[in-house]
Amino acid sequence: MPHWMKKMYRQRFLYLLLLPGAIWAICFAYGPMAGLYMAFIDYQPGLGNFWSRFFSSEFVGFQWFKYFFAGQDFLIVLRNTLVSSTLTLAIGFLVPILIAISLNEVKNMAFKRIVQTVSYMPYFISWVIAANIFVTLLSADGLLNELLKSLGWIDESILFMQEGKLFWGIVAGANTWKDMGYNSIMYLAAIASLNPELFEAAKVDGAGRLRQIWNITLPLLKPTIVILLILQVGNLLNTGFDQYYLLGNALNREYSDVIDTYSFRYGIQSGMLSYATAVGLFKSVVAFLMVLAVNGIARKLESNSLF
């Protein structure tokens, strides 16, 4: 029996544990990729057998991609997606690091657990509830407008949800608020694994807390930060659907319409499934190329990369 077969037999129970996850990935991650063929055909939804209509549809090649690139919505949707996701990345990537470092410096364990719990809670709230919280908070008679009026900073209410130019900041803030506590867990775990003798030696040399964070904590966190940054850049175009669909409206659509909501509007609401598939495939290909680019840059500059 070959060596690799002997090794697999010895680890057969581990492979059995891996089997459910592998089946799930094949069925729900790789299996649906066959549907990408729809981006290259003129599929028309209707009654009857789906597969017969799917394989008998006319092959149109890159027609839907050309239609998307030549359309007047392409630059607007791409701008909204890139600007909004970049702003979310800039804010949402730094805040969890600051939270993790700050919580690590807290010595009162009871207070630390309370802050952790409060910061984690928004992650488990659905976007339906979270969006309603922000809509209520930012309404004309909401808490934020009332606070600004009481401070004398404004005389009339600001219509936040109707001002398109404010939408990117609102979504970036909502995304950061919802995910910052959960994303800080990985940094807290990385900080907990650091050698405490390094901090003891720094104290002996007279380094204060800020100096220890700058010269010890952050440099040792750099590999974790780089890996997570690469993963988040891969999701730069995957802005999400729920928050944009729930917070967006007809008055701010010029700034709230991103690739995901654009695909939904044309694919589900208008029945242009082939066109929506082509738009989604374009997003996936660009995201993949961005991961390769950032991974290559990180490998050359920091010698830390995914592959």
Side-chain angles (χ1 to χ4, degrees), residues 68-69 71-99 122-123 125-139 142 144 158-184 225 228-269 275-294:
F68 178 52
F69 297 148
Q72 59 181 1
D73 294 331
F74 171 68
L75 292 178
I76 296 176
V77 171
L78 186 63
R79 179 204 64 181
N80 294 342
T81 303
L82 288 176
V83 174
S84 180
S85 57
T86 302
L87 187 60
T88 298
L89 176 63
I91 301 174
F93 187 74
L94 293 176
V95 171
I97 299 175
L98 296 176
I99 290 177
Y123 181 81
I125 299 175
S126 71
W127 267 113
V128 175
I129 298 174
N132 276 288
I133 292 174
F134 274 87
V135 170
T136 303
L137 179 67
L138 301 175
S139 63
L144 183 57
I158 301 175
L159 302 178
F160 290 97
M161 302 308 299
Q162 299 179 23
E163 290 288 341
K165 295 180 180 180
L166 301 177
F167 185 83
W168 295 335
I170 292 172
V171 170
N175 284 323
T176 302
W177 169 78
K178 198 170 186 304
D179 297 336
M180 62 182 182
Y182 184 82
N183 290 339
S184 66
I225 294 173
L228 293 177
L229 178 61
I230 294 172
L231 293 174
Q232 291 200 25
V233 168
N235 287 323
L236 198 62
L237 295 183
N238 190 24
T239 53
F241 170 78
D242 297 345
Q243 58 270 47
Y244 290 88
Y245 183 74
L246 295 168
L247 293 174
N249 54 58
L251 296 175
N252 59 29
R253 177 170 291 178
E254 184 181 355
Y255 293 87
S256 64
D257 198 18
V258 293
I259 291 179
D260 290 320
T261 56
Y262 183 81
S263 300
F264 171 79
R265 194 168 68 252
Y266 277 89
I268 304 300
Q269 295 181 341
Y275 179 59
T277 305
V279 174
L281 180 57
F282 161 76
K283 183 188 74 171
S284 300
V285 171
V286 173
F288 176 70
L289 294 177
M290 291 176 68
V291 169
L292 292 180
V294 175

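- In this structure, Y123 places its OH atom where only 12 or fewer heavy-atom neighbours from other residues, nucleotides or ligands lie under 6.0 Å away.
- Between W127 and Y245, the closest side-chain pair of non-hydrogen atoms is not below 4.5 Å.
- Under the 3.5 Å distance criterion, the side-chain polar atoms of T176 are left unmatched by any main-chain donor or acceptor of I91.
- Sparse packing is recorded around CZ of F288, with 12 or fewer heavy atoms of other residues, nucleotides or ligands lying under 6.0 Å away.
- Going from atom CG of L137 over to atom CE of M161 covers 10.5 Å, rounded to the nearest 0.5 Å.
- Residues W168 and N80 are in side-chain contact: their nearest non-hydrogen atoms beyond the backbone lie under 4.5 Å apart.
- Two residues are said to be in side-chain contact when any heavy atoms from C-beta on lie closer than 4.5 Å; V279 and Y266 fail this criterion.
- Judged purely by atom type and a 3.5 angstrom limit, N132 has no side-chain atom pairing as donor or acceptor with the backbone of I129.
- Heavy-atom contacts from other residues, nucleotides or ligands closer than 6.0 Å to OH of Y182 number 12 or fewer.
- A donor-acceptor contact closer than 3.5 angstrom links the side chains of T261 and D257.
- Between L166 and the options N252, I158, L159, a side-chain contact (heavy atoms from CB on, under 4.5 Å) holds for only I158.
- Checked against the 6.0 Å centroid criterion, the rings of F160 and F134 do not qualify as a close aromatic pair.
- Using a 4.5 Å heavy-atom cutoff, the side chains of I225 and F93 are in contact.
- Looking at F264 and D260, their side chains never come closer than 4.5 Å, going by heavy atoms from C-beta outward.
- Side chains of S85 and L89 form no contact here, defined as non-hydrogen atoms less than 4.5 Å apart.
- There is a side-chain donor-acceptor pair under 3.5 Å between S84 and Y244.
- More than 12 non-hydrogen atoms from other residues, nucleotides or ligands lie less than 6.0 angstrom from CZ of F74.
- In this structure, R79 is positioned above the aromatic face of Y255, its NZ or CZ under 6.0 Å from the six-membered ring centre and within 45° of the axis.
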